[in-house]
Amino acid sequence: MAKIQAPKGVSEYFPPRSTYFEKVRETLIGAAKNAGYSMMELPVFEDTELFIRGVGESTDVVSKEMYTFEDRGGRSITLRPEGTAGVMRSVIEHNLDKGQLPVKVWYSGAFFRAERPQQGRYRQFYQVGIEAIGGSYPEIDAEVIAVAWRSFKTLGLTNFHLDITSLGDAESRSRHRVDLVKFLSGLNLDEATARRAEINPLRLFDDKRAEIIESMKSAPLLLDYLNNESLAHFQKVQELLTNFGVEFRINPRMVRGLDYYTGTTFEFVHDGLGAQSGIGGGGRYDGLMSDLGGADLSGIGFGIGVDRVLLAAEAEGIFVTDERPIESVKLFAIAMGVEAKSYVAGLVNALRDEGISADMAYGDRALKGSMKAADKSGARFSIVIGADELASGQAQLKDMQSGQMQSITIARYSDVTQKIRSL
RNA sequence: GUGGGCGUAGCUCAGCUGGUAGAGCACUCGGUUGUGGUCCGAGAUGUCGCGGGUUCGAGCCCCGUCGCUCACCCCA
């Protein structure tokens, strides 16, 4: 029988690495909760129109990276390539924007893009994101950035940096665009590059080729075109971040791939990854809500790539790969002989009933093998129970770290649960 | 979509100018009638990615194909 393989480019996590993945995700979510964000659980597929209108038809994400299919009713469905559009749709649909503002929510889940996979880039990947909708105060910009910053710090990441810039408001952007296009027309660009410039002239700032980087050095920067209002907002955000102790650098050449961004935008970059070095990013979006048929509210949010943060954490040696699980059970019980087997199964079940984590050795392994299983499980204590122990009502409880043993009563399950709870 | 590298044990990999398949780790058992981590010994495990070709003989050479991977592009 031929083995069935996972579809190309998907990431999967299984023990022991899955425990690290979980730790990363929980840390990111924890930072969001800690700042007053509430959970939102959304569908992984949406009406295709949502992403065309929300993310922007001209973006690469929409034009060539979406998983789009027709459902049985003939509707065009797309597996979500990002999280913000879905959140907006749901907020509008359920009138959350008519309640108290800002609406602050977090989400976590799988996202899909049909790209050629490589290190840190998958066709199904995981993101944790937050959105704060309704309110264009600089304090919210600073809060959102600080939440991401704090989550990375809490994880123990050090080898990363934060780039920020402002794309200003529509007025600032269109003034800049005129000059930028004029500048680019004076450059001798190849056909593919010229086409990219036509779709989004800002893209050229992101080009990795040395000659393009060189010729873009004298290109007009959007940051220099911000009007007073946009500039004041951006300066306030910087001031707040500095007060918070969040380190950042202003990168006027930073480019984001989604069309909806306006004003403050930011990106977290890790230095220990391959080519896919962005571990998270986001920004403000002024017109998105109204474009999707909602109230004309501004919002700001970020998306953090869980897969990439895990890679980054591993690159920094945050997770020591000693095979021992980081989360383990309190007691590991081993039975010697058949009668003891059912006693032990009952004991483990009783412990679990009491909320005490417990596991056991199955089958007829030699004691040595069962002790090895106890060791591997990372259990805090182990206990061996055979005919002798059942007869005497006493057994040796072993501390797996120190190796010390103590005699405990096992006559009733409650004797054991009480004892274990007290340790 | 474009280019490079690689497919041999569960994992990481070795395998000479073609001659019938190896190591380390992990696993199981034993050394120590019932106490793990260290040490020692033994054992099990392979359609050498798949299909074809050349050859007396292919893991090795040739062609095709599938997969993985890294980079471009793009992005989390």
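Every chain is numbered from 1 and lettered A, B, ... according to where its sequence line falls, protein lines coming before strand lines. Just so you know, these numbers use all the heavy atoms, side chains as well, and skip hydrogens, waters and symmetry mates.
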Does [X] make a side-chain donor-acceptor contact with the base of [N], cut-off 3.5 Å?
X: A/Arg365; N: B/U28; answer: no
X: A/Glu389; N: B/G34; answer: yes
X: A/Arg308; N: B/C75; answer: yes
X: A/Glu115; N: B/A76; answer: yes
X: A/Lys398; N: B/G36; answer: yes

Task: 5' priority, RNA chain B, between A/Pro7 and A/Glu267 [closest heavy atom] - done: A/Pro7
Open item on the list: Both A/Gly369 and A/Gly403 contact RNA chain B. Which one's nearest nucleotide lies toward the 5' end?
Closed with: A/Gly369
Nearest-angstrom distance from the residue atom [atom1] of [X] to [atom2] of [N]:
X: A/Met400; N: B/U38; atom1: CE; atom2: P; value: 12 Å
X: A/Ile130; N: B/A76; atom1: CD1; atom2: C1'; value: 15 Å
X: A/Asp207; N: B/C75; atom1: CG; atom2: C1'; value: 15 Å
X: A/Phe302; N: B/A76; atom1: CZ; atom2: C1'; value: 12 Å
X: A/Arg25; N: B/A76; atom1: CZ; atom2: C1'; value: 15 Å
X: A/Asp364; N: B/G34; atom1: CG; atom2: C1'; value: 15 Å
X: A/Met336; N: B/U35; atom1: CE; atom2: C1'; value: 9 Å
X: A/Arg116; N: B/A76; atom1: CZ; atom2: P; value: 21 Å

TODO: Establish, yes or no, whether the cationic atom of A/Arg80 lies under 6.0 Å from the six-membered ring centre of A/Phe111 and within 45° of the ring axis.
DONE: yes
Distance between [atom1] atoms of [N] and [M] (Å, rounded):
N: B/C39; M: B/G46; atom1: C1'; answer: 30 Å
N: B/G30; M: B/G67; atom1: P; answer: 45 Å
N: B/G31; M: B/A14; atom1: P; answer: 38 Å
N: B/G22; M: B/U33; atom1: P; answer: 36 Å
N: B/C60; M: B/G18; atom1: C1'; answer: 6 Å
N: B/G49; M: B/U69; atom1: C1'; answer: 15 Å
N: B/G5; M: B/U45; atom1: C1'; answer: 29 Å
N: B/U55; M: B/A9; atom1: C1'; answer: 29 Å

Return no unless some side-chain N or O of [X] is found under 4.0 Å from OP1 or OP2 of [N].
X: A/Arg256; N: B/A76; result: yes
X: A/Arg203; N: B/C75; result: yes
X: A/Lys368; N: B/C29; result: no
X: A/Lys376; N: B/C27; result: yes
X: A/Gln118; N: B/A71; result: yes

Open item on the list: Stacking between A/Phe125 and B/A76, defined as ring centres under 5.5 angstrom apart with planes under 30°, is that present or not?
Closed with: yes
Open item on the list: Is it true that, when you exclude A/Arg412 itself, more than 12 heavy atoms of the residues, nucleotides or ligands shown sit nearer than 6.0 Å to its CZ?
Closed with: no
- [ ] Would you indicate whether A/Glu57, at its atom CD, is surrounded by more than 12 heavy atoms from other residues, nucleotides or ligands within a distance under 6.0 Å?
- [x] no
Nucleotide of [options] approaching [X] most closely (side-chain heavy atoms):
X: A/Asp375; options: B/A76, B/C73, B/G36; result: B/G36
X: A/Ala366; options: B/C73, B/C29, B/U35; result: B/C29
X: A/Met371; options: B/G36, B/A76, B/G34; result: B/G36
X: A/Lys372; options: B/G36, B/C72, B/A76; result: B/G36
X: A/Arg113; options: B/C73, B/C75, B/U28; result: B/C75
X: A/Gln119; options: B/C73, B/C70, B/C68; result: B/C70

Name the nucleic acid region contacted by [X], choosing base, sugar-phosphate or nothing; use a 4.0 angstrom heavy-atom cut-off, strictly under.
X: A/Ile279; result: sugar-phosphate
X: A/Glu65; result: sugar-phosphate
X: A/Phe111; result: nothing
X: A/Gly386; result: base

[N] - base-pair partner by Watson-Crick or wobble geometry, distances under 3.5 Å:
N: B/G1; result: B/C72
N: B/C27; result: B/G43
N: B/C56; result: B/G19
N: B/U35; result: none
N: B/G64; result: B/C50

Does a donor on one side chain sit under 3.5 Å from an acceptor on the other, for [X] and [Y]?
X: A/Thr264; Y: A/Asp141; result: yes
X: A/Ser58; Y: A/Asp259; result: yes
X: A/Ser298; Y: A/Arg284; result: yes

Task: Ring-ring centroid check A/Tyr413 A/Tyr343, cutoff 6.0 Å - done: yes
Task: A/Val344 vs A/Ile383 side-chain heavy atoms within contact, under 4.5 Å - done: no
- [ ] Name the orientation class of the two ring planes belonging to A/Trp149 and A/Phe160 (parallel below 30°, tilted from 30 to 60°, perpendicular beyond 60°).
- [x] perpendicular
